[in-house]
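A short worksheet on the structure shown next.
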Amino acid sequence: MNDKVAGQAAPGLEAASAASAAAALPRGALGAWWAQGTRSAFFQPPRWQGLVLTPAVLALLWLLPMAVSMGFERLGIDGPASFYWPTLLASGWLSLVVWWLVCAWLTQDQAADAAAPLGPLPLLAMVYAQALLLQLVLGLALVPLVRSGGFAEGHELLSLSRLLWLAGLLWIFAAQGVLLWRASAAPRAKWVKAMALVIALSLLQQFYMPLRHWYPDRPEFSASEKAPAFRLTQEVIEAQDQVLQRDLAALAPAHGGRINVFALTYAPDAEEDVFMRESALVADVMQQRFGATGRTLQLVSRRDPAPSMAWATPLNLQRAIQRMAVLMDREQDVLFIHLTSHGARNGKLASSLWPLEVEGLTPQQLKAWLDQAGIRQRIISVSACYSGSWIEPLAAEHTLVMTSSDAEHTSYGCGRHSELTYFGRALYGEQLRQTLSFEQAHAAARTVIDQREKEAKKSDGYSNPQIAMGSGIRGTLARLTAQLAGR
């Protein structure tokens with residue numbers, strides 16, 4: 001800021017009295033600016049008469065929207081968080097410079113006009129006065145969605161969250177555009193170029209180089225407050241390798257003369273315990289109901305400094321498939337794989353094991369590994385949002401694919417407070433404890449899930465679980481059912 005800001009008044013702006021000009025922050029000055037900023041946010045022409053601008057007023061008009069934004073950023077984090085002070089060195093400076101240039105460019109040929117400010121600084125002040133209301137309204141609307149995980153891939157409120165965010169962004173651009181149009185005497189082409197620069201800056205800050213001031217504290221593995229935070233050390237990584245090798249070595253080989261079931265569960269999201277619980281449930285059902293005792297392996301991502309289970313990473317899954325292929329009759333025995341995590345519309349299964357970076361799993365990867373291993377009889381169960389997208393890549397004559405939703409809808413029950421997903425509870429916790437038929441259990445589970453989702457008021461409609469069974473696997477499962485019934 002320079003000394004010329006103090007007391008600057010365009011035609012239409014009252015000159016400050018001698019006493020007001022000497023004051024750094026005249027009484028009522030900020031409130032007057034915010035009142036007119038509110039008018040402009042709702043597309044009303046601001047009244048410039050009576051507004052007093054000093055360096056302190058302009059500084060506060062710039063700083064307060066930024067402080068409100070930081071406050072809402074903190075409120076959007078559910079749980080403990082830490083403030084990253086170095087971000088303050090970059091906060092708002094690029095935006096301030098670009099906006100000053102835009103305001104100066106649009107007002108450089110401005111003639112005295114009682115309806116508009118003279119010069120860039122009053123216009124810049126109004127931009128930030130308007131921004132305060134926009135930040136407050138959008139923050140109050142979006143923070144509850146952020147805290148509930150509404151912007152996470154696969155969440156049932158994802159569509160609503162994105163719609164509100166897009167509407168807010170359009171409101172900001174429209175309000176800014178109308179304000180600049182009314183306050184400048186520039187030709188339309190010049191205004192279009194200025195708005196293009198403003199929009200490009202906003203999108204750049206949103207997507208390419210977003211600045212975050214608050215970061216969630218990473219949860220400790222134990223519920224005890226005295227438990228040490230998880231650290232990815234060489235010892236932890238070596239222990240993980242030992243656990244995987246131990247579990248692979250402990251797998252029992254197939255018994256000849258019968259159909260053997262080998263079972264794998266894969267839960268790659270360490271953020272939500274619901275996936276770990278579902279993995280344990282499915283593994284128990286496969287052992288108790290389908291004779292997979294000794295041939296079941298759980299891959300579960302946990303931030304455990306003393307790991308008891310191997311992590312659910314794509315490489316570990318590939319190694320487990322290869323090991324089971326060695327132990328089984330690859331023409332006759334059945335490999336069952338249950339995948340449970342958040343899912344995305346592009347078909348990728350989410351992975352989270354901070355600070356370790358783990359790639360998400362795709363159906364194409366899984367199919368390639370199964371083909372390479374030469375395993376013929378396959379049951380693939382996918383409990384994730386949009387998991388219906390896994391049907392087409394995996395469907396085959398000797399494959400059964402079951403999913404918790406179709407390709408266009410979310411599934412339900414994968415939040416941090418959920419005991420089990422609706423799909424896992426209905427199919428494995430209930431129906432497969434009553435029948436050995438996956439088809440019958442899936443059909444019954446669909447009805448149960450539909451009713452429960454209606455009762456829970458699921459916002460994006462019925463998840464619509466899917467199933468695809470090839471003729472080859474149907475015959476194999478019929479023989480397996482007869483074998484198990486005779487047991």
Side-chain angles (χ1 to χ4, degrees), residues 149 152-155 219 221 230 232 236 240 243-244 246-248 251 262-287 292 295-321 323-324 335-344 347-354 356-363 365-366 369 379-387 390 394 401-405 410-429 432 465:
E153 286 292 341
H155 197 279
F221 175 74
F230 176 72
L232 187 62
V236 170
Q240 260 294 314
V243 168
L244 177 63
R246 178 202 69 191
D247 290 348
L248 293 178
L251 291 171
F262 287 75
L264 264 172
T265 65
Y266 184 81
D269 193 321
E271 304 294 335
E272 311 284 2
D273 287 344
V274 64
F275 303 123
M276 176 191 67
R277 289 190 289 269
E278 181 160 306
S279 171
L281 168 68
V282 173
D284 180 69
V285 169
M286 297 312 296
Q287 293 175 94
R295 301 180 186 87
T296 297
L297 175 61
Q298 293 187 64
L299 299 176
V300 178
S301 291
R302 297 284 293 164
R303 296 190 183 94
D304 187 352
S308 58
M309 289 183 288
W311 288 332
T313 67
L315 183 56
N316 282 355
L317 179 60
Q318 183 181 18
R319 288 170 173 169
I321 291 172
R323 175 59 180 166
M324 289 185 169
L335 177 58
F336 169 92
I337 301 178
H338 179 74
L339 313 168
T340 177
S341 184
H342 296 296
K348 184 171 285 191
L349 198 70
S351 296
S352 177
L353 186 57
W354 183 92
L356 186 69
E357 292 188 7
V358 181
E359 284 296 317
L361 180 69
T362 67
Q365 285 176 307
L366 180 58
W369 296 336
I379 301 175
I380 313 297
S381 170
V382 189
S383 178
C385 294
Y386 311 111
S387 50
W390 286 64
L394 293 174
V401 187
M402 301 178 293
T403 68
S404 61
S405 66
T410 61
S411 53
Y412 211 63
C414 56
R416 66 183 57 192
H417 301 299
S418 302
E419 182 65 25
L420 290 167
T421 68
Y422 280 28
F423 179 73
R425 175 185 170 192
L427 181 59
Y428 295 96
L432 280 175

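Counting begins at 1 with the first residue of the sequence.
- Side-chain atoms of Gln287 come within 3.5 Å of backbone N or O of Ala283 as a donor-acceptor pair.
- From Leu339, atom CG reaches atom OG of Ser383 across 9.5 Å, with rounding to the nearest 0.5 Å.
- Here the straight-line distance linking atom CG of Leu361 with atom OG of Ser341 works out to 9.5 Å at 0.5 Å rounding.
- Atom CH2 of Trp390 is separated from atom CD1 of Ile380 by 8.5 Å, given to the nearest 0.5 angstrom.
- Taking the six-membered ring for Trp and thresholds of 30 and 60 degrees, Tyr428 and Phe336 have ring planes more than 60 degrees apart, a perpendicular arrangement.
- Looking at heavy atoms from C-beta onward, Phe423 lies out of side-chain contact with Thr340 at the 4.5 angstrom threshold.
- When all heavy atoms of Asn316 and Ala310 are compared, the pair lying nearest together is ND2-CB, 4.3 Å.
- For the pair Ile379/Met402, a side-chain contact is recorded, criterion being any heavy-atom separation below 4.5 Å from C-beta on.
- The side-chain heavy atoms of Leu349 and Pro268, taken from C-beta on, include a pair separated by under 4.5 Å.
- Pro363 and Leu394 get closest at one heavy-atom pair: O-CD2, 3.6 Å.
- With hydrogens and angles ignored, the 3.5 Å screen pairs a side-chain donor or acceptor of Gln240 with a backbone N or O of Met309.
- To the nearest 0.5 Å, the span separating OG on Ser301 from OH on Tyr266 amounts to 7.0 Å.
- You'll find the side chain of Ile321 reaches within 4.5 Å of the side chain of Leu366, heavy atoms only.
- Summarising the geometry of Pro465 relative to Ser404, their closest heavy-atom pair is CG-O, 3.5 Å, with the distance given to 0.1 Å.
- Among all heavy-atom pairs drawn from Ala320 and Leu264, the shortest one is CB-CD2, 3.7 Å.
- The CG atom of Asp284 sits 9.5 Å away from atom OG1 of Thr296, with the distance rounded to the nearest 0.5 Å.
- Take Ser405 and apply the side chain to side chain donor-acceptor pair (under 3.5 Å) test, not counting sequence neighbours, and it matches Ser387.
- Between Met324 and Leu297 the shortest side-chain heavy-atom distance falls below 4.5 Å.
- The backbone N or O of Arg302 lies less than 3.5 Å from a partner atom in the side chain of Trp311, making a donor-acceptor pair.
- When all heavy atoms of Gln298 and Ser279 are compared, the pair lying nearest together is OE1-OG, 2.8 Å.
- Expressed to the nearest 0.5 Å, how far OG1 of Thr421 lies from CZ of Phe275 amounts to 8.0 Å.
- Closest approach of Pro314 and Glu359 over heavy atoms only: CG-O, 3.4 Å.
- Considering only heavy atoms from C-beta on, Ser351 stays 4.5 Å or farther from Thr313 through its side chain.
- A distance-only check finds no donor-acceptor pair linking the side chain of Thr265 to the backbone of His338 [under 3.5 Å].
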